[in-house]
Amino acid sequence: MSKRTGLTLGLSVTSNGSHAAGWRHPTAPRDTSLDFDFWRGLTLRAEAAKIHFIFFADGAAVRQGADDPEALRHMGKIDQFEPLTLIAALSAVTSRIGFIATASTTYNEPYTIARKYASIDHISHGRVGWNVVTSWSEDEARNFNLDHSLRHELRYRRAEEFVDVVTGLWNSWEDDAFLRDQESGVYVDPDKMHVLGHQGEFFKVKGPLNIARPVQGFPVVAQAGSSEPGQQLAARTADLVYTAQQNKESAQQFYRSLKGRLAAEGRAEESLKIMPGILPIIGRTHAEATARQEQLNALVHPAVIYASLKPKFGDMSAYPLDGPIPNLPETNGIKSIKPQLDAARAKGLTIRELYQTSGAGGHIQLVGTAARIADLIEEWFTERACDGFNIMPPYFSEGLSDIFDLLVPELQRRGLFHAEYEGSTLRDALALDRPKHPARKAAVTNP
């Protein structure tokens, strides 16, 4: 089984930076969202810095401000590439860096997802991962023939079965099934085809998949849920978990909880990597970093604050920004956000302060020099609060340069982060085992 290696780093990117006002920063380009040349340049720089992978979160809707013209007017994250399309293109201009893209189990079909990720795994020579999510947004539901999103428990039951079908389809063919022997005329060995024949609560899928088994066996499977059903799904199926944690103690508790579930699934602790998100605002001095944070926060329009909080915590627009957090009914959205809301109330935070601590999706925001931020990364890693971090650039392009030119070299200097990629696939780089095909002893033929 895999052994714990060095720090794993991903780069989690959104259309105009992770900070809501990133697109308004005076040094930021204002048109990066649909500029492929920008994304190609970003990716090549990340590859040169030896970042393990780029992570593309996604949602199939305008999820904030769609029903609020004033908020929509000021949103900087409306337009973005569909991530699988983007990573297919980016994989063609790179050779080592990995790509993890979101695809929802709520509004997709398993066969389509299995085929797309298998295809990109072949195109990239084994450098792709699937971020498994269950869609919570009402705006997404209304784009897929529903009036309301599915209940939390139902979403996760569907997701459990969805992942099983996808991985079953990835095993449609043994690794050496395709002979392509021109002399004999034998293209494929039928005895090495495995028909899934799945029929469950949500899906009926015969198979087989019409593409060879992925280069990595399975593309890397990532998952982001921190609720009880989310942790159970991750313990059984995930190679990597993306989580929002605000402090080391809660991160350690989550780490122990999730890693402690693996033995019951027949898995070793090091077969799953836990990676909190971190939004660093870096300066060459602490004062410079603080000034950048204050500048970014001042550029966030109040309507954006209310619209950003609404899907997670409920509608607070009737309450003053600098007043206390109101008690609102629990939403059908992200259940793992509730502890963050309770902690914010316990601290006496205002609505504005709640936004400032949750504006990066609940991930920790750090302000300071590269050395100070590296101190926290080292502490969390060495004290088993994580296996690495997904770094969220607050704005482009200066915020990216600070990560590549200041933070990564500091981590390498400390011997925490690698100086070269390991192996050729994303699984190799992450020190994750390649899943073996559960080949049957008897030949399987079409029924």
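FYI, side chains are in, hydrogens and waters are out, and symmetry mates aren't considered; it's all heavy atoms of this structure.
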| field | For the student: nearest non-hydrogen atoms of L209 and A118, plus distance | value | CD2-CB, 4.2 Å
| said: As a quick check of understanding, evaluate salt bridge (charged side-chain N to carboxylate O under 4.0 Å, His left out) for R213 and E174, giving each step before the final call. | reply: CA-CA 7 Å; R213 195 165 190 251; E174 295 177 33; over 6 Å; no
| task | Would you check if V166 and W130 make a side-chain contact, meaning some heavy-atom pair closer than 4.5 Å? | result | yes
| task | Check M193 against P208 and note the closest heavy-atom contact, atom names and distance. | result | SD-CG, 3.7 Å
| Is it true that E228 and R261 make a salt bridge, defined as a side-chain N closer than 4.0 Å to a carboxylate O? | yes
| task | With sequence neighbours left out, write down each residue that passes side chain to side chain contact (heavy atoms under 4.5 Å, CB included) with N108, or none if nothing qualifies. | result | A103, S104, I113, F162
| said: Is the shortest side-chain heavy-atom distance between F254 and V241 below 4.5 Å? | reply: yes
| said: Test your reading of the model: is there a side-chain donor-acceptor pair from T32 to the backbone of S15, 3.5 Å cut-off? | reply: yes
| Can you find a side-chain donor-acceptor pair between H19 and Q365 that sits under 3.5 Å? | no
| Under 3.5 Å: donor-acceptor pair, side chain of Y111, backbone of V165 | no
| Do the side chains of T243 and L258 get nearer than 4.5 Å, heavy atoms only? | no
| said: Distance alone, cut at 3.5 Å: any donor-acceptor contact between the side chains of Q80 and S33? | reply: no
| message | Using modelled atom types and a 3.5 Å cut-off, is there a donor and acceptor pairing between side-chain atoms of K259 and backbone atoms of L272? | response | yes
| Pair R414 + E410: basic N to acidic O under 4.0 Å | yes
| Side-chain touch W173/I211, heavy atoms, less than 4.5 angstrom | no
| field | Atom CD of Q182 with >12 non-hydrogen neighbours under 6.0 angstrom | value | no
| Judged by atom type as modelled, is there a donor-acceptor pair below 3.5 Å linking the side chain of T43 to the main-chain atoms of W39? | yes
| CG on N16 to CG on D79, rounded to 0.5 Å | 7.0 Å
| query | Between T237 and Q223, is any side-chain donor less than 3.5 angstrom from a side-chain acceptor? | reply | no
Side-chain polar contacts of residues 391-399 - donor-acceptor pairs under 3.5 angstrom, sequence neighbours left out - could you list them?
| unit_1 | atom_1 | unit_2 | atom_2 | d |
| --- | --- | --- | --- | --- |
| Y395 | OH | E398 | OE1 | 2.5 |

| query | Does any donor atom in the side chain of T425 or R434 lie under 3.5 Å from an acceptor atom in the other side chain? | reply | no
| remark: On a heavy-atom basis, the closest approach of F81 and D35 is CE1-N, 4.1 Å
| request: Ignoring hydrogens and angles, state whether a donor on the side chain of S95 or R127 is under 3.5 Å from an acceptor on the partner side chain. | output: no
| query | Do we see a donor-acceptor contact under 3.5 Å between the side chains of D387 and Y255? | reply | yes
| task | In plain terms, say whether D164 and R236 are close enough for a salt bridge, that is, a side-chain N and a carboxylate O under 4.0 Å apart. | result | yes
| request: Verify, without hydrogens or angle tests, whether H437 (side chain) and D175 (backbone) share a donor-acceptor contact under 3.5 angstrom. | output: no
| said: Strictly distance-based, threshold 3.5 Å: is any side-chain N or O of E47 a donor or acceptor partner for the main-chain N or O of R96? | reply: yes
| note | Here the ring-ring contact (aromatic ring centres under 6.0 Å, His included) pairs for residues 214-244, sequence neighbours left out, are F55-Y242, W170-F218, Y242-H363
| Going by an N to O cut-off under 4.0 Å, is there a salt bridge joining R384 and E270? | yes
| message | Has H152 got a side-chain atom pairing as donor or acceptor with P229's backbone, closer than 3.5 angstrom? | response | no
| task | Show your working on side-chain contact (heavy atoms from CB on, under 4.5 Å) between I97 and I51 and close with a plain yes or no. | result | CA-CA 7 Å; I97 194 166; I51 299 294; 4.3 Å; yes
| request: Please determine if R372 and D375 form a salt bridge, counting it only when a charged side-chain N lies under 4.0 Å from a carboxylate O. | output: no
| query | Can you check salt bridge (charged side-chain N to carboxylate O under 4.0 Å, His left out) on D405 and R284, steps first, answer last? | reply | CA-CA 11 Å; D405 299 340; R284 294 186 181 275; over 6 Å; no
